[in-house]
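Reading through the structure tokens given below for one structure.
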Amino acid sequence: MTTATLTERGRLTALRAAWLFDGMSSALVRDPLVVIDGGTIVTVDSGVAAPDGVDVVDLDGAALLPGLIDTHVHLAFDASTDPVGALAGRDDEAAVAAMIRAGQTALRGGVTTVRDLGDRDYLSLGLRGRPGLPTIVAAGPPVTTPGGHCHYLGGVAEPTEAGVRAAVREHVERGVDVIKIMASGGGLTPGTCQHLPQFTPEVLRAAVDEAHRHGLQATAHAHAVGAIADAVAAGADGLEHVSFWTEDSVDAPAELIQLIADRRTVVGATVGMMPVPGLLPPPEIRARMPLLVANLRRLYEAGARMVAGSDAGIAPVKPHDVVRHAPVALRDLGIGQAEALRMLTSDAAGVIGLGHRKGRVAPGFDADILAVDGDPVADPEALHRIRAVYARGTAVPDAAGPS
């Protein structure tokens, strides 16, 4: 046992529970005691008494696990039936207020870190570090073409090498954490086509190169087969959606799947939906769904590096804590529950550049902790039976129950 000592910040807090999933091991630790100093975990032990002078929170019968990490959200979208229209009707003050509500929803649902891959006019950057919200990794408005996917968010660039380099530099100057580029069209933007690339290979390569030149990762929204291939060739660090969309179906060439796996390009699988009675995906998605699932499974079986990014905010089935539903979808890809939990915790933390302090319940890591009733490895539904949430050592009021 490591001895916990008091610091100038005051009394320590210890969480005691029945079980612990630490974010790495597939086996649960029995009778854990996690000691927190301010916002940091200082010790993790099992079957020991709490040190003297420590405030103990007894979560009898609960399991502890790292706070969940969603690698793809949109805080600016409100998970309504018309998130784009709702955002258009808000000035910046109202938009920020709605984004705060979205972040609070995520936090109450056990999502303690989010990567926002598309806001309006850099509004998410001002929410980073704000108490009562998840830790936010922010891309600002995605880089897109004139009239291209999500152009209304403010990230339009001239579709030339000089144009995208200038756009990336602007993002860097504004202080973003990651560059998001729309390599293909998307469903939330009429007039764009998911099956068509938006940038030439040379221009996409210039955008990625400029991001890397400034020490930032670049991840590409990529539905179209050509856009996926171009983003991989350009050296993009990540691919979002990766649906291999064609005009009338889905087509994932075996050599491209293997290339993604071999290059270790991160696949941001768009998984996790909250069931909403009467709401179904659009017909063009429903018709392709079996192939979409099959291709994600092929990527996984090929050894692709994969995380779960829910696309939270884009529809009523995508509330901002929806990533809790991802393990059920990942099971359809042949991914077991323990691995699914790692994809939502330690793996996700590594992908978004926070693997040194997020995604694990371990000494020296941020005290982002989710407590649930039941065994989260044996029972995916346990993630919805929330007992408590701690974000950077602070208990979250009104943590969500079943959903």
Side-chain angles (χ1 to χ4, degrees), residues 68 70-89 98 102 105-106 109 111 117-118 149-150 152 182 184-196 221-225 239-252 267-300 306-335 340 343-344 380-381 383-384 400-403:
L68 305 182
D70 194 336
T71 64
H72 188 149
V73 308
H74 297 281
L75 294 174
F77 292 151
D78 64 359
S80 66
T81 55
D82 182 15
V84 176
L87 178 59
T105 295
V111 185
L117 289 183
H149 184 40
C150 288
Y152 41 80
M182 298 302 201
S184 74
L188 287 182
T189 310
T192 73
C193 297
Q194 287 175 248
H195 68 281
L196 296 176
H221 161 106
H223 285 293
V225 179
L239 303 168
E240 307 302 317
H241 312 303
V242 204
S243 63
F244 300 98
W245 205 269
T246 66
E247 188 169 9
D248 55 8
S249 185
V250 170
D251 179 20
V267 173
T270 309
V271 291
M273 285 196 301
M274 185 183 76
V276 176
L279 281 184
L280 294 172
E284 62 270 19
I285 294 179
R286 291 205 306 272
R288 292 170 168 87
M289 191 63 72
L291 288 173
L292 296 173
V293 171
N295 287 332
L296 284 175
R297 184 172 188 135
R298 289 171 62 199
L299 280 161
Y300 172 69
M306 186 177 292
V307 291
S310 71
D311 222 1
I314 67 164
V317 296
K318 296 283 189 178
H320 284 90
D321 60 347
V322 72
V323 80
R324 284 189 281 144
H325 294 267
V328 173
L330 293 171
R331 188 168 57 207
D332 292 338
L333 310 184
I335 297 173
M343 290 172 63
L344 299 180
E381 293 301 310
L383 291 180
H384 307 308
S403 71

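Interatomic distance, Tyr300 OH to Met343 CE, rounded to the nearest 0.5 Å: 8.0 Å. Residue Leu299 holds its CG atom at 5.0 Å from CE of Met306, rounded to the nearest 0.5 Å. Note that CG of Asp311 is 7.5 Å distant from CG of Leu188, once rounded to the nearest 0.5 Å. The OG atom of Ser243 sits 11.5 Å away from the CG atom of Asp251 when rounded to the nearest 0.5 Å.
Side-chain contact check for Ser310 versus His325: every heavy-atom pair is 4.5 Å or farther apart. Thr246 places a side-chain heavy atom less than 4.5 Å from the side chain of Val225. With contacts defined as side-chain heavy-atom distances shorter than 4.5 Å, the pair Pro316/Thr81 qualifies. Using a 4.5 Å cut-off on side-chain heavy atoms (C-beta onward), Met273 and Lys318 make contact.
In this pair, His74 and Phe77 present their aromatic rings tilted. The plane angle is within the 30 to 60° band.
Nearest heavy-atom pair, Pro327 versus Leu383, reported as atom, atom and distance to 0.1 Å: CG-CD1, 3.9 Å. What you find for Leu196 and Ala224 is that their closest heavy atoms are N-CB, 3.6 Å. For the pair Gly272 and Ala329, the tightest heavy-atom approach, listed with the atom from each and the gap, is N-CB, 4.3 Å. For the pair Pro83 and Ile314, the tightest heavy-atom approach, listed with the atom from each and the gap, is CG-O, 3.4 Å. Taking both residues in full, the closest heavy atoms of Ala326 and Leu344 are given as CB-CD2, 4.2 Å, listed atom of the first, atom of the second, then distance. The two atoms that bring Glu240 and His72 nearest to each other are OE1-ND1, 3.0 Å, heavy atoms only.
Across Leu75, Asp78, Val111, a single residue satisfies side-chain contact (heavy atoms from CB on, under 4.5 Å) together with His320, and that is Leu75. In summary, of the residues considered (Leu333, Leu291, Ile335, Asp332), a side-chain contact (heavy atoms from CB on, under 4.5 Å) with Leu296 occurs for Leu333 alone.
Evaluation of the side chain to side chain donor-acceptor pair (under 3.5 Å) test over residues 270-283, restricted to residues two or more places apart or in two chains, returns His241-Thr270. Judged as a salt bridge (Lys or Arg N to Asp or Glu O under 4.0 Å), the pairs with a partner in residues 274-297 (not counting sequence neighbours) are, in order, Arg297-Glu301.
Panel note: side chain Asp70, backbone Val73; no donor-acceptor pair is recorded below 3.5 Å. Formation of a donor-acceptor pair under 3.5 Å by the His221 side chain with backbone atoms of Gly185 is found in this model. Counting only distance, with no hydrogens or angles, the side chain of Arg331 and the backbone of Pro380 share no donor-acceptor pair below 3.5 Å. No donor-acceptor pair closer than 3.5 Å links the side chain of Thr192 to the backbone N or O of His149.
For Thr71, the side-chain hydrogen bond (donor to acceptor under 3.5 Å, both in side chains) test picks out no residue, with sequence neighbours left out.
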